[in-house]
Each structure stands twice: as C-alpha cells, then as structure tokens.
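Below is one structure, written out as structure tokens; comments come after it.
The model shown is predicted, which means the values in this text are computed figures rather than measured ones. In this chain, residues are counted from 1 in sequence order.
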Amino acid sequence: MPSGAQAGFSFAAFGDQRALAGGEWESMIASIDSLSNRDPSLLFMLDTGDIVNDGSHSDQFRELAAILGEARSLPYLVGVGNHEVNNNKPGTARRNTATFLKPIDPELGPERLYYRKTIGRVLFLFLDSNDFVYDRGPEARARLEAQLEWL
C-alpha cells in the first residue's frame with residue numbers, strides 16, 4: 001500500500017446486487033477490473049452483502065464466482081447479508097455461504113461467518129449481523145455470544 005498522507009488508496013464498494021446477475025453486475029465487475037488495471041491505488045472490492053438471492057442454492061454462488069472472476073486482480077471482501085443465510089433459517093444456506101467465503105479466511109465456517117482482514121495498515125472487521133437480527137434459538141444465540149467475545 002502506498003505510504004504517506006498524500007498517497008491515498010481507493011476501493012470499489014457495492015452491495016445488494018443479488019438481482020443484477022442478468023448482465024448489469026457482469027458489466028460493473030468488468031469496469032472495476034479495467035479501472036484496477038489502470039489505477040494502482042484501487043486495492044480491493046468491498047461488498048456489503050446480499051450477494052445472492054438465496055444462499056440455500058449453491059448454484060448461485062457458482063454464478064457469483066464466475067462473475068467476480070473478471071476482477072481477479074483485486075481482493076474481494078464481503079459482509080454476510082440476510083440473503084446469504086436465508087434469514088438465518090435452518091438449512092444449507094450458512095454452509096453454502098461459508099464454502100464460498102472460505103478463501104477469504106480459512107477460519108470461516110457455518111457457525112462463524114465473521115472475520116477480520118488487514119489491507120496495508122487498515123484493519124477491517126466483518127460481522128455477521130444476522131444473529132443479532134434473527135433470533136433463531138439457542139444456536140443463533142451461541143453464535144452471537146461467540147462473535148461478541150471475538151469482537
């Protein structure tokens with residue numbers, strides 16, 4: 001990362017693009033990739049979540065991986081939204097999401113969808129707020145307590 005107060009850096013931020021997989025999202029990622037090839041200060045992509053319509057369907061994550069593959073030169077950081085975990089309902093969504101995000105942090109798993117990432121001198125904390133919002137019983141409360149302890 002460039003040093004000095006004047007050097008600066010930039011990143012591409014977006015979110016809730018789950019409905020854009022019909023061409024708009026692919027175009028956006030291609031534009032980000034093109035920009036990153038011309039601008040070395042563009043260091044990563046930051047996604048605020050809702051990256052798929054329903055995390056219960058693993059094919060949506062495969063489609064997403066193909067779309068993001070266009071910008072392979074940039075790290076992809078993402079916060080987990082409610083769509084990725086199917087509003088925290090029991091089922092395969094948390095497992096599918098963890099499988100997709102595992103390359104970001106090897107400690108991620110269905111019970112731990114929060115992580116930290118350092119880029120240059122900046123520390124980012126990504127939380128799984130679903131356990132705060134959707135109380136789905138003792139498992140969700142245990143995940144919430146573990147996340148708060150980690151934080």
Side-chain angles (χ1 to χ4, degrees), residues 1 8-33 35-36 41-151:
M1 186 156 130
F9 69 94
S10 60
F11 57 94
F14 46 87
D16 202 4
Q17 68 282 354
R18 61 190 153 76
L20 298 180
E24 300 94 341
W25 198 11
E26 292 89 339
S27 177
M28 179 184 76
I29 294 298
S31 294
I32 292 169
D33 183 54
L35 179 60
S36 75
S41 72
L42 182 58
L43 298 183
F44 59 93
M45 296 182 290
L46 175 67
D47 196 328
T48 61
D50 287 349
I51 59 178
V52 294
N53 252 348
D54 183 349
S56 300
H57 305 284
S58 61
D59 62 325
Q60 293 177 10
F61 289 102
R62 284 191 297 277
E63 183 178 355
L64 172 60
I67 292 169
L68 290 170
E70 274 299 307
R72 45 188 154 266
S73 64
L74 291 176
Y76 176 67
L77 306 176
V78 61
V80 175
N82 64 311
H83 285 264
E84 286 79 72
V85 296
N86 193 20
N87 296 330
N88 243 13
K89 295 175 187 167
T92 60
R94 293 186 75 81
R95 186 177 71 242
N96 290 339
T97 301
T99 298
F100 176 76
L101 296 178
K102 194 78 159 171
I104 294 175
D105 184 325
E107 293 185 29
L108 290 173
E111 300 304 312
R112 185 175 188 266
L113 294 175
Y114 51 91
Y115 62 100
R116 63 181 276 159
K117 203 65 162 176
T118 302
I119 297 183
R121 295 184 311 263
V122 181
L123 171 65
F124 294 90
L125 301 175
F126 293 85
L127 302 177
D128 175 9
S129 61
N130 291 289
D131 290 324
F132 292 89
V133 177
Y134 303 102
D135 182 359
R136 301 281 187 211
E139 290 175 355
R141 285 190 288 281
R143 286 192 306 262
L144 172 61
E145 289 174 16
Q147 184 173 189
L148 290 173
E149 178 68 27
W150 172 84
L151 185 60

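- Partners of Ser27 under the side chain to side chain contact (heavy atoms under 4.5 Å, CB included) rule, at least two apart in sequence or in another chain, do not exist in this structure.
- Taking the side chain as every heavy atom from C-beta outward, Ile119 and Phe11 never approach each other to under 4.5 Å.
- Looking only at atom types and distance, the side chain of Asn82 has no donor-acceptor partner in the side chain of Asn88 under 3.5 Å away.
- No donor-acceptor contact under 3.5 angstrom links the side chains of Asn130 and Arg94, judged on distance only.
- Residues forming a side chain to side chain contact (heavy atoms under 4.5 Å, CB included) with Arg112 (at least two apart in sequence, or on another chain): Asp105, Glu107, Tyr114, Trp150.
- Contact record, Ser56 with Asn86: OG-ND2, 3.4 Å, taken as the closest heavy-atom pair.
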Assess whether side chain to side chain donor-acceptor pair (under 3.5 Å) is satisfied between Asp47 and Gln17, documenting all intermediate values.
CA-CA 9 Å; Asp47 196 328; Gln17 68 282 354; 2.5 Å; yes
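- Taking 4.5 Å as the limit, some side-chain heavy atom of Leu64 sits within range of a side-chain heavy atom of Trp25.
- With salt bridges taken as basic N to acidic carboxylate O contacts below 4.0 Å, none links Asp54 and Lys89.
- Counting heavy-atom neighbours within 6.0 Å of Arg141 CZ, excluding the residue itself, gives a total above 12.
- Counting heavy atoms from C-beta outward, Val85 and Leu113 have side chains that approach closer than 4.5 Å.
- Contact of the Leu77 side chain with the Met45 side chain is not registered, since no non-hydrogen atoms from C-beta on lie closer than 4.5 Å.
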